[in-house]
There are 2 protein chains.
Amino acid sequence: MEKNLKSRATINRMQQKGLELFYQKGYYRTSLDDILKALELSKGAFYYHFQSKEDFMISIVQHLLFRKVYSMLIEPIEGKENPFQSIELCLENALETAEHNPMDFGFVLGNFMSEFNGRNDQISSYLNDITRVWEVSLVTALQKGKSDGYLERHHDSEGIASYIMASYFGIRTLMVGGNPRMLRYQYMQQLRTYFKGMSLKSTF
Amino acid sequence: MEKNLKSRATINRMQQKGLELFYQKGYYRTSLDDILKALELSKGAFYYHFQSKEDFMISIVQHLLFRKVYSMLIEPIEGKENPFQSIELCLENALETAEHNPMDFGFVLGNFMSEFNGRNDQISSYLNDITRVWEVSLVTALQKGKSDGYLERHHDSEGIASYIMASYFGIRTLMVGGNPRMLRYQYMQQLRTYFKGMSLKSTF
DNA sequence: GATAAAACAGACCTGCCGGTCGCTTTACCC
DNA sequence: GGGTAAAGCGACCGGCAGGTCTGTTTTATC
């Protein structure tokens, strides 16, 4: 294998397993040895590719985590006609995936945010960047919805976006300890009620 | 001072400072030495009163944390007439307190839930107990609201309660990294919109 | 003021964690 | 196929964490 390719492959394996274990056990409770043992790699290999555990985490956030959030929550609503319908479908899918995941520990982004908030400003900052991209995507969809006549102009797109995000963050936390199936159903039902009150064209 | 009283006083000081630091830095990142140093107490004192760090945390959850959640989120809505109005006011107050707290790290209960979910079943269980008490209180208020003609009977009280809780969990997470003042305003605005769609007697 | 229990002090143990460093192996190039 | 740099190895280090244990101080009781 080409050297550069091998390097990238190793880095990728480390990031993948790192995200997996950090998500499962939390960043601070997961040691590098845990990750390296699972990959059958050594400390030397790790510190050849990364400067520190923190640097490693940042690379995971910026690459893997961002892509994960993007493909799951942002991309599915980009450029769609009806914002309410597309957001609803997108969240429904996200919750369904979580529900059927026997190893679900909540919303990755949300977990990391509460783990790093106030503890590590740099990582928090990168996590907030992702949140902001999601927010922008929701606001854009809602604004477009106004142009296309799905939503009255007087509504606050930013406010709606924040509310949607907050509710999703929260329901994912609740789903871990509660009945995921029921909570997903209840959540979608209430989200529809919420949307219905603002929607012009009744597609419900 | 009477012995038993002194014991209780020390235990209380430990729990208070423990909750404070666990909230600020997280449970796993806070060492017993951190807590004991802040209190000018020794390991001997700690292990005289508690069996382990975990035992200590459980006592904090069951006593301090429960009371905190109860007085802030449950008691204010108990026995009130208009459920929407009382819930709205209660959450408004909670968010305002958070907003003006320069050392805000999010919703205590939510942070602990995402820290312990999947890592420590026992503590998670106690945290979920608190969540459930909150849920029951919301459902009760909503059911009473149906009797008193504030809410149509066909609405799903449990679903509404879950949705309210989820949104609060989430907005508190977002407030740490974002603009708390704006987020609080947006949240309350959207909560009112959500309630408005279900409310019979228009008190808004 | 002697006594016994309660309350606390703090040195110490063991294990782990992030990080270092000198060395070996692997892959490419001429 | 020997040289060279990338890639990887793993023993080791210092620090700190939870927890133990022995000894000391405080407090109530007689």
Side-chain angles (χ1 to χ4, degrees), chain A residues 1-61 63 112 115-116 119-123, chain B residues 1-61 63 112 115-116 119-123:
Chain A
M1 201 190 313
E2 195 190 328
K3 272 192 209 166
N4 194 25
L5 275 184
K6 180 169 189 186
S7 175
R8 283 179 184 279
T10 305
I11 288 176
N12 234 285
R13 280 202 326 138
M14 286 180 178
Q15 290 174 331
Q16 211 86 35
K17 184 59 75 177
L19 178 57
E20 184 187 328
L21 295 186
F22 287 156
Y23 170 60
Q24 281 178 25
K25 313 205 306 168
Y27 174 78
Y28 292 112
R29 289 308 275 182
T30 304
S31 70
L32 296 180
D33 284 326
D34 288 340
I35 300 167
L36 294 169
K37 193 176 177 184
L39 295 170
E40 293 185 330
L41 282 172
S42 66
K43 278 274 176 70
F46 181 87
Y47 281 94
Y48 177 76
H49 293 290
F50 300 99
Q51 288 177 17
S52 64
K53 190 185 180 186
E54 188 182 19
D55 174 55
F56 178 54
M57 181 63 187
I58 291 172
S59 82
I60 290 177
V61 171
H63 297 105
F112 285 147
E115 186 168 11
F116 291 110
R119 276 82 129 180
N120 187 314
D121 291 339
Q122 197 180 358
I123 296 182
Chain B
M1 200 189 317
E2 195 190 326
K3 272 193 212 166
N4 195 24
L5 276 185
K6 180 169 188 184
S7 175
R8 283 180 183 278
T10 305
I11 288 176
N12 233 285
R13 282 204 322 139
M14 286 180 178
Q15 291 174 330
Q16 210 85 36
K17 183 61 74 176
L19 177 57
E20 184 188 327
L21 294 186
F22 286 157
Y23 170 59
Q24 282 177 25
K25 312 205 305 168
Y27 173 79
Y28 292 112
R29 288 310 272 182
T30 304
S31 70
L32 296 180
D33 284 326
D34 288 340
I35 300 167
L36 296 170
K37 194 177 178 184
L39 294 170
E40 292 184 332
L41 282 171
S42 66
K43 276 276 174 69
F46 182 87
Y47 282 96
Y48 176 76
H49 293 290
F50 299 99
Q51 289 177 17
S52 64
K53 190 185 179 187
E54 187 181 18
D55 174 55
F56 177 54
M57 180 64 188
I58 291 172
S59 81
I60 289 177
V61 171
H63 297 105
F112 284 147
E115 187 168 9
F116 291 109
R119 277 82 131 180
N120 187 314
D121 291 340
Q122 198 181 358
I123 297 182

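Below, chains carry the letters A, B, ... as their sequence lines are ordered, and counting in each starts from 1.
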*When you measure from the side chain of B:Y48, which nucleotide among D:dG8, C:dA7, C:dG19 comes out closest?*
C:dA7
_Distance in angstrom units between A:M57 CE and C:dG19 C1', rounded_ = 19 Å
*Once you round it to whole Å, what is the distance between C1' of D:dG10 and CD of A:E40?*
15 Å
*With a 4.0 Å cut-off on heavy atoms, is A:K53 in touch with a base, just the backbone sugar-phosphate, or nothing at all?*
sugar-phosphate
_Without decimals, in angstroms, what is the distance between B:D34 CG and D:dC16 C1'?_
10 Å
*Using heavy atoms to find the nearest nucleotide of DNA chain C for A:G44 and A:S31 separately, return the residue whose nucleotide is more 5′.*
A:S31
*Figure out the OH/P separation between B:Y47 and C:dC12, and round it to whole Å.*
19 Å
Would you list the atom pairs, donor with acceptor, under 3.5 Å between side chains in residues 52-60 of chain B and any protein atom, with sequence neighbours excluded?
| residue | atom | partner | partner atom | Å |
| --- | --- | --- | --- | --- |
| B:S52 | OG | B:E54 | N | 3.4 |
| B:S52 | OG | B:D55 | N | 3.1 |
| B:K53 | NZ | B:Y27 | O | 2.9 |
| B:K53 | NZ | B:T30 | O | 2.9 |
| B:E54 | OE2 | B:N120 | ND2 | 2.9 |
| B:D55 | OD2 | B:Q51 | N | 3.1 |
| B:S59 | OG | B:Q15 | NE2 | 3.0 |
| B:S59 | OG | B:F56 | O | 2.7 |

*asked:* Could you tell me how far apart A:D33 (CG) and D:dA17 (C1') are, to the nearest whole angstrom?
replied: 16 Å
_Which nucleotide wins on minimum distance to the side chain of A:K6, given the candidates C:dG19, C:dC8, D:dA7?_
D:dA7
*For B:F56 and D:dG18, give me the distance from atom CZ to atom C1', rounded to whole Å.*
13 Å
*May I have the distance from A:D55 (atom CG) to C:dG18 (atom P), rounded to whole angstrom?*
14 Å
*For atom CD1 of B:I11 and atom P of C:dA6, their distance in whole Å*: 13 Å
*State whether the distance check finds a donor on one side and an acceptor on the other, under 3.5 Å, for side chain A:K43 versus base D:dG8.*
no
